[in-house]
Amino acid sequence: MKFTKLALLLTLTWGCAAVNAQQAPATAPDAVALPTPSSTAQKLYSAAKADLLQVRSLLKTGRTQSSVGSGFLVGTSNLVLTNYHVVSQFALDPDTYTGEWVDTAGQRGNIELLAVDVLHDLAVVRVNRYGTGYFKLGDKPVALTQGQYLYSLGNPLDLGFAISEGSFNGVIARSFYEQLMFTGPINAGMSGGPSVTVDGAVAGINVSKRLDGELVSFLVPARYAQELLKKVDPEAKPPKDFTAIVAQQLLVHQKAMIDQLLGKPLTAKAMGPYSVPVRESEQMRCWGRSNDRDSFSVEVTNCQMESSLFVSGSLQTGQVQIQHQYMKSTGLDEVRFAVLSSNSFKNENFGSHKDKRLTGPMCTRTIRQEQHLADARRDVRARLPQVRRPVRLRPADLQHRRRQDEPAKPPRCTRRIV
C-alpha cells in the first residue's frame, strides 16, 4: 500500500511560450490555403486590437526575453489583466526579472505588478498607457449557453497577435476551482488574453489546454477577474514581497482542499483480501489496472485530483494522490518476491531539493505487522547464507587489549551545534 501526499502531474501546459519554436516550411505542392476568417472574427479583432498586449518577462541584465504571455487593458484604465503564471518570474524573483508590455502597434513600456490570485491564476499589472474602453468587466458575469461561439485573442508562440474561434462547452466540475471549457485553439503565449462573446463581452481569460486532447482548452471565468480588480487600488504602490502573498494564498488553498478531502469518511474498496480507503468525488477520480504475469500479479488503484496550482516554473502544487498496490505471488519464492516488492517503491517521485525556497520532500512508510509476514521474514533470513567478515582492529583497540587490567573508562560524547 502506498500513499502519496503530494504529486506533480504535468497534464496541463501554461502559456509562457518557448521562444525558439521550430517551424516546418510548407512546400508549394503541399501548401494548403488557410480558411478565410469569419466576418465576426475580423470585426472583433479590428475593434479589440488596440487594447491587446503582449506581456513579457525579461532578464534585468541585458533585458533578454525569458517568457511571454498575453493580457488586455480593462476599460479606459491603465490596468491590465493577465495570468499569474505569465508574471510569476518577476513576482517571485524581482531581483532577476522584470516585466514589459508590447502592443499591436509595436509600442512598449514597463510593467508594475499590483496583485496576484494564484488560486485562479490571475494577475493585475499597471502600465503607462490607457485602454480605449473595448474590454469591459461588468458587475455580473456573462451568461453563456453550451455551444455558444467564443473568440480567444492573444499572441501565440510569440508569432504575432491573433484571434481564434471556438465554442463554450460548460463548466469543468473536476477542477477544484471553477474553469470553463473552450473547444478551440489556445496556444502557448495566448495565456492571459481574453475570450469574448460575439458582442465583445469578456467571458473568460485564457489559461491552459490539455496536451492529451484536441482543442480542449480552459478559461478562468470573468467573475474571478472582477473580484480581483475590486481589491486593487489603481494608484497604490506595488507590494514589495509577492512571495509572502503567494504563500498565504497557498495556505488558504491547502486548508480548503484538506477540509474537503477529509470532510466525509473515506470509502472502503476491496483489494484482494484487504479493504483500502479511497476518495471519489467531482475533483478526485479513481482508476484501476491489473497486470497478471506467470509468477505474480499486481493490482493498482490510483485516486488523484486532476487539477493543480502553478506556483513557479519548478513547482506545481495543490494536488493530492492516493495510490494502493496489491501484489500477489503465484510462483515466486520468498526472496524473489521480497526483491520485487522492494523495487516497486523505486518509481516514486516526490520532487527535488533544488529550489532553496521549498522544503525537501519527505516520505513516511508504515509497515503493517502480521504474523504470517513475520514468519516469512524469519524463514527468508534462515535461508540466506551466513557471511563471516574479518575483524579489523585499530591501534587503539590493540592498546586496549594490552591493558586488560586497567579499569574501563566511560565513553566520551561530543555534540556540536551549528
Side-chain angles (χ1 to χ4, degrees), residues 9 11-15 34-45 47-48 52 70-72 74 81-83 85 117 119-122 134-154 156 162-229 260 280-287 304-310:
L9 182 64
T11 56
L12 300 179
T13 179
W14 278 263
L34 294 174
T36 304
S38 69
S39 58
T40 302
Q42 290 176 331
K43 291 178 182 178
L44 280 172
Y45 182 77
L52 284 175
S70 299
F72 60 98
V74 179
L81 270 171
T82 185
N83 287 140
H85 74 257
D117 179 357
L119 309 187
H120 302 104
D121 203 346
L122 293 172
Y134 182 81
F135 295 112
K136 295 179 181 178
L137 291 170
D139 294 331
K140 296 182 179 180
V142 178
L144 300 172
T145 57
Q146 186 144 355
Q148 180 177 343
Y149 273 111
L150 293 178
Y151 301 85
S152 177
L153 300 101
I163 183 170
S164 61
E165 295 178 280
S167 58
F168 166 72
N169 273 298
V171 178
I172 304 300
R174 294 174 188 164
S175 175
F176 195 82
Y177 298 104
E178 185 179 299
Q179 287 189 337
L180 309 181
M181 181 188 292
F182 174 68
T183 305
I186 293 181
N187 292 298
M190 296 180 71
S191 285
S195 284
V196 299
T197 65
V198 67
D199 300 322
V202 178
I205 293 88
N206 307 332
V207 66
S208 61
K209 68 176 182 179
R210 284 290 289 261
L211 291 177
D212 55 350
E214 297 292 335
L215 302 181
V216 182
S217 306
F218 304 98
L219 312 174
V220 180
R223 65 184 181 91
Y224 292 128
Q226 295 165 345
E227 294 172 2
L228 181 60
L229 283 169
Q260 181 170 331
E280 290 184 291
S281 65
E282 289 185 344
Q283 289 78 30
M284 201 168 207
R285 300 186 70 195
C286 295
W287 300 87
Q304 64 183 24
M305 299 179 68
E306 295 191 353
S307 62
S308 59
L309 299 181
F310 180 96

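Quick note: residue numbers are just sequence positions, from 1.
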Go through the steps to decide whether Gln304 and Trp287 satisfy the test side chain to side chain contact (heavy atoms under 4.5 Å, CB included), and finish with yes or no.
CA-CA 9 Å; Gln304 64 183 24; Trp287 300 87; 5.7 Å; no

Would you check, one step at a time, whether the test side chain to side chain contact (heavy atoms under 4.5 Å, CB included) holds for Arg285 with Met305?
CA-CA 7 Å; Arg285 300 186 70 195; Met305 299 179 68; over 6 Å; no

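Residue Asn169 comes nearest to Gly147 through the heavy atom pair OD1-N, 4.3 Å, listed as atom of the first residue, atom of the second, then distance. Annotation for Val202 and Lys136: closest pair CG2-O, 4.1 Å, computed over non-hydrogen atoms. Pairing each heavy atom of Ala225 with each of Leu137, the nearest pair is CB-CD1, 4.2 Å. Scanning all heavy atoms of the two residues, the minimum distance from Met190 to Ser70 falls at CA-OG, 3.7 Å. Nearest heavy-atom pair, Ala48 versus Leu153, reported as atom, atom and distance to 0.1 Å: CB-CD2, 4.3 Å. Minimum interatomic distance between Phe168 and Thr145 (heavy atoms only, all atoms of both residues): CD2-O, 3.3 Å.
In Tyr177, the OH atom is crowded: over 12 heavy atoms of neighbouring residues, nucleotides or ligands sit closer than 6.0 Å.
Listed by chain and residue number, Leu150, Ser152, Ile186, Ser217, Leu219 satisfy the side-chain contact (heavy atoms from CB on, under 4.5 Å) test with Phe182 (two or more places apart in sequence, or in another chain). Checked against side-chain contact (heavy atoms from CB on, under 4.5 Å), Ala201 has the following partners two or more places apart in sequence or in another chain: Val142, Thr197. Thr40 meets the side-chain contact (heavy atoms from CB on, under 4.5 Å) test with Ser38, Leu44, Tyr151, Val198; sequence neighbours excluded. Taking the ring-ring contact (aromatic ring centres under 6.0 Å, His included) definition, one finds that Phe176 meets it with His253, sequence neighbours left out. Tyr134 meets the ring-ring contact (aromatic ring centres under 6.0 Å, His included) test with no other residue; sequence neighbours excluded. Applying the ring-ring contact (aromatic ring centres under 6.0 Å, His included) criterion to Tyr224, with sequence neighbours excluded, gives His120.
One finds the OG1 atom of Thr183 at 8.0 Å from the CD atom of Gln146 (value rounded to the nearest 0.5 Å). With values rounded to the nearest 0.5 angstrom, Gln179 atom CD is found 5.0 Å from Ser208 atom OG. Residue Glu227 holds its CD atom at 10.5 Å from CG of Leu229, rounded to the nearest 0.5 Å. Distance check, rounded to the nearest 0.5 Å: CE of Met181 to CZ of Phe218 gives 6.0 Å. Note that CD of Gln226 is 7.0 Å distant from CG of Asp139, once rounded to the nearest 0.5 Å. In this structure, CG in Asp121 is found 4.5 Å from CG in Asn83, a value given to the nearest 0.5 Å.
Counting only heavy atoms from C-beta outward, the side chains of Ser195 and Ile205 never approach each other to under 4.5 Å.
Judged by distance alone, the side chains of Ser191 and Asn206 never bring a donor and an acceptor atom under 3.5 Å apart.
Evaluated for a side chain to side chain contact (heavy atoms under 4.5 Å, CB included) with Phe135, the options Leu52, Leu81, Val74 yield exactly one hit, Leu52.
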